[in-house]
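One-based numbering along the sequence shown. Please read all numbers here as calculations on a predicted model, not as lab measurements. Numbering of ligands and ligand atoms starts at 1, following listing order.
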Amino acid sequence: MAGDQGKRFASSLLFDKAFVNGQWVSAKSGKTFEVTNPATGELLGTVPDMDGSDTRSAIETAHKAFQTWRDVPAKERCTVLRRWSDLCTQNKPELARLLTSEMGKPLKEAEGEVNYGISFIEWFGEEARRAYGDVIPSPTSSKRMLVLRQAIGVCGMITPWNFPNAMITRKACAAIAAGCTVVLKPAEDTPYSALALCELAKQAGLPEGVLNVVTASRANAPSVGKELCENPIVKKISFTGSTNTGKTLLRQSADTVKKASMELGGNAPFIVFDSADVNAAVQGAMASKFRCSGQTCVCANRILVQEGIYDRFVKRLAEVMNEELKVGDGLEPGTTQGPLINKAAVDKVDGLVQDAVKSGAKVVTGGKRHTKGSNFYHPTLLTDVTPKMRCSTEEIFGPVAAIMKFKTEEEALAIANATQFGLAGYFYSGNIGQIWRVSEKLEYGLVGANEGLISATEAPFGGVKESGLGREGGKYGLEEYMEIKYVCMGGI
Ligand code: NAP
């Protein structure tokens, strides 16, 4: 099944079946769907197009596995996760090549994502051994009061295409470390990284049924999601993706009062104050805006620059964009900007740019589709952007830096917070009082103060407002998959 010789793309970690109960399986319907390389259009292969009925079977498998996995001592769960992370490390080049081939990001970024993914396997294995309970001083001499932390149960997970490796390990490894079992649906565009992780988990000795991956086309995603949300066996739903889909999943989960973690969309402000170091701010903007060709939930979406530094910042950003950004196939050396995920994404980005230009924005560089192919877009710098333009109110999810001018700190904060989203916010300032004030006043779950790259395994990741519920990573990530049980012992 791995590395089908008949296809142009061959990999020892390419699997063309879904993974349920430790076995490679087809959809009950026998249907499959195609996965292509977004840079070249090359067919990578096909995977099963599963639906709600296949998902129900996977949930029952996960439920059976939970009965034993939850009682495996934390130290043993940690050992399995350690072996899994070692195998991922040994297979890092192949995991990265697979990731770039299905998702498009430059190989260097794919290697970075695989490292990030591995770090969650390690981290949660270690954290499992520190899932302490409590002994509470009792108000009564005849009673003793204990708090136990126990695995929630079967967890349903749905992940997006922009981080096909790390979004899987950040969720699934927290759950598995806690003693839960998992049924996960990866995005239609990027199932192969998830399946490769399953193979390495199997080799590491993860018991059958603990991790199950159900693959599905975009047409079948709603029926898989509905089953994960409505099936009473599933005790938790964890989702990363758009706010609209997250709201649908929350509604569907209401009847079973499921616990939910939601990592949803953002609309990150990136504020540059007059007192900022202009070169540092430009480097921060480059990292935050152009990573993954602008397709991350924490990408700077609205760049607000104070009037005294505006011209210098725009000039320097344009220079650095022209010097550093190279558009191409992510597998080609030197590429920093891969394709967008599909043509619909390019159409959306171009629509936002055209809308801004029609409403008075100026194109400093880019502003058009790229000749490399239908999925490529020129890195673009727009100035004279206003808060009402669609590129300010919607998530751009593409390589477009949209810059607007402001006069005062109050004005910048008002613009920055005037959105229903609250995932990441950034600002650059050389004034310590302002750094405190703005850090406190930004209504965001993640704040970068003089820093454009803020995600870390050890830190909590998540949003406020309509950007989500719960936190992933850090010491908080494990808690999302554990229940607190209070035990009161009487008759002492
Ligand atoms: P999306 O359309 O919501 O898709 C995400 C996942 O949900 C995919 O697996 C998708 O399957 C599935 N899905 C879509 N509709 C569904 C339904 N009705 N029922 C069940 N599953 C469904 O999001 P996207 O546009 O691909 O991803 C980009 C979004 O994700 C952006 O808004 C970004 O900000 C957000 N994101 C957030 C974080 C975070 O941590 N906060 C991280 C990364 C991305 P298909 O692939 O088959 O459509």
Side-chain angles (χ1 to χ4, degrees), residues 33-35 38 47-52 55 102-103 105 113 116 120 156-168 170-171 183-194 213-230 234 237-253 260-268 291-301 340-342 344-345 348-349 394-398 419-424 444-446 454-455 459-473 477 480:
F33 66 94
E34 293 184 346
V35 183
V47 291
D49 193 0
M50 295 180 134
D51 58 19
T55 307
E102 65 176 345
M103 189 274 155
K105 67 176 67 174
E113 182 183 335
Y116 191 43
F120 288 113
M157 302 183 170
I158 300 177
T159 51
W161 48 265
N162 59 350
F163 288 90
N165 179 302
M167 288 304 103
I168 312 261
R170 189 162 78 178
K171 289 184 192 306
V183 178
L184 184 146
K185 187 201 89 64
E188 179 195 66
D189 295 306
T190 58
Y192 285 129
S193 292
V213 168
V214 170
T215 50
S217 68
R218 200 146 285 143
N220 269 344
S223 87
V224 173
K226 196 161 184 287
E227 185 63 31
L228 289 174
C229 292
E230 294 184 352
V234 179
I237 187 90
S238 178
F239 171 70
T240 296
S242 64
T243 296
N244 277 344
T245 306
K247 288 178 182 176
T248 301
L249 300 177
L250 281 173
R251 277 186 217 107
Q252 290 173 346
S253 298
S261 291
M262 295 278 143
E263 297 290 347
L264 308 178
N267 182 355
R291 193 163 59 107
C292 203
S293 298
Q295 303 171 106
T296 85
C297 52
V298 292
C299 275
N301 208 57
L340 302 195
I341 190 67
N342 50 38
K348 184 195 161 192
V349 169
E394 296 177 29
E395 220 178 355
I396 299 173
F397 242 59
T419 165
Q420 76 269 35
F421 298 106
L423 187 57
Y444 289 84
L446 315 166
I454 55 181
S455 304
F461 188 100
V464 299
K465 300 197 302 201
E466 291 186 20
S467 286
L469 299 170
R471 293 292 180 271
E472 294 191 327
E480 299 278 332

I need the nearest protein heavy-atom contact for [atom]: residue, atom name and distance, please.
atom: atom 46 (O) of ligand 1; answer: Glu188 N, 2.9 Å
atom: atom 35 (C) of ligand 1; answer: Gly241 O, 3.1 Å
atom: atom 20 (C) of ligand 1; answer: Ala221 O, 3.4 Å
atom: atom 21 (N) of ligand 1; answer: Ile158 CD1, 3.7 Å
atom: atom 38 (C) of ligand 1; answer: Cys297 SG, 3.0 Å
atom: atom 32 (O) of ligand 1; answer: Glu395 OE1, 2.7 Å

**Prompt:** Is any side-chain heavy atom of Lys348 less than 4.5 Å from a side-chain heavy atom of Glu394?
**Reply:** yes

**Prompt:** Between Leu249 and Met262, is any pair of side-chain heavy atoms under 4.5 Å apart?
**Reply:** yes

Assess, by modelled atom type and distance only, whether the side chains of [X] and [Y] contain a donor and an acceptor separated by less than 3.5 Å.
X: Asn267; Y: Asn301; result: yes
X: Asp51; Y: Ser223; result: no
X: Thr243; Y: Glu466; result: no
X: Ser193; Y: Glu102; result: yes

Which residue from [options] reaches closest to [atom] through any of its heavy atoms?
atom: atom 44 (C) of ligand 1; options: Leu264, Leu184, Asn162; answer: Asn162
atom: atom 45 (P) of ligand 1; options: Met262, Arg170, Glu263, Arg218; answer: Arg218
atom: atom 3 (O) of ligand 1; options: Ser467, Gly225, Ser242; answer: Ser242

**Fill in**
Of all heavy-atom pairs linking Pro186 and Thr159, the shortest is CA-OG1, 3.4 Å

**Prompt:** Where is the tightest heavy-atom contact between Arg471 and Gly463, given as atom of each residue plus distance?
**Reply:** NH1-O, 3.2 Å

**Asked** Of all the atoms in ligand 1, which lie at a distance below 4.0 Å from a heavy atom belonging to Ala187?
**Response** 9 (O), 46 (O)

**Asked** Which of the numbered atoms in ligand 1 are below 4.0 angstrom from a heavy atom of Thr159?
**Response** 6 (C), 8 (C), 9 (O)

**Asked** So which bit of Phe163 gets within less than 4.0 Å of ligand 1, heavy atoms only: side chain, backbone, both or neither?
**Response** neither

**Message:** Contact between ligand 1 and Trp161 is defined here as a heavy atom of the residue under 4.0 Å from a ligand atom; is it met?
**Reply:** yes

**Asked** Quick check: does Thr245 get an N/O under 3.5 Å from an N/O on ligand 1?
**Response** yes

**Message:** Is there a polar contact, in the sense of an N or O pair closer than 3.5 Å, between Asp189 and ligand 1?
**Reply:** no

**Partner of Cys297 by side chain to side chain contact (heavy atoms under 4.5 Å, CB included), out of Phe163, Phe421, Phe461** = Phe461

**Request:** Output yes when a protein non-hydrogen atom is found under 4.0 Å of atom 11 (O) of ligand 1, and no otherwise.
**Result:** yes

**Request:** Answer yes when Lys171 and Glu472 have at least one side-chain N-carboxylate O distance shorter than 4.0 Å, and no when they do not.
**Result:** yes

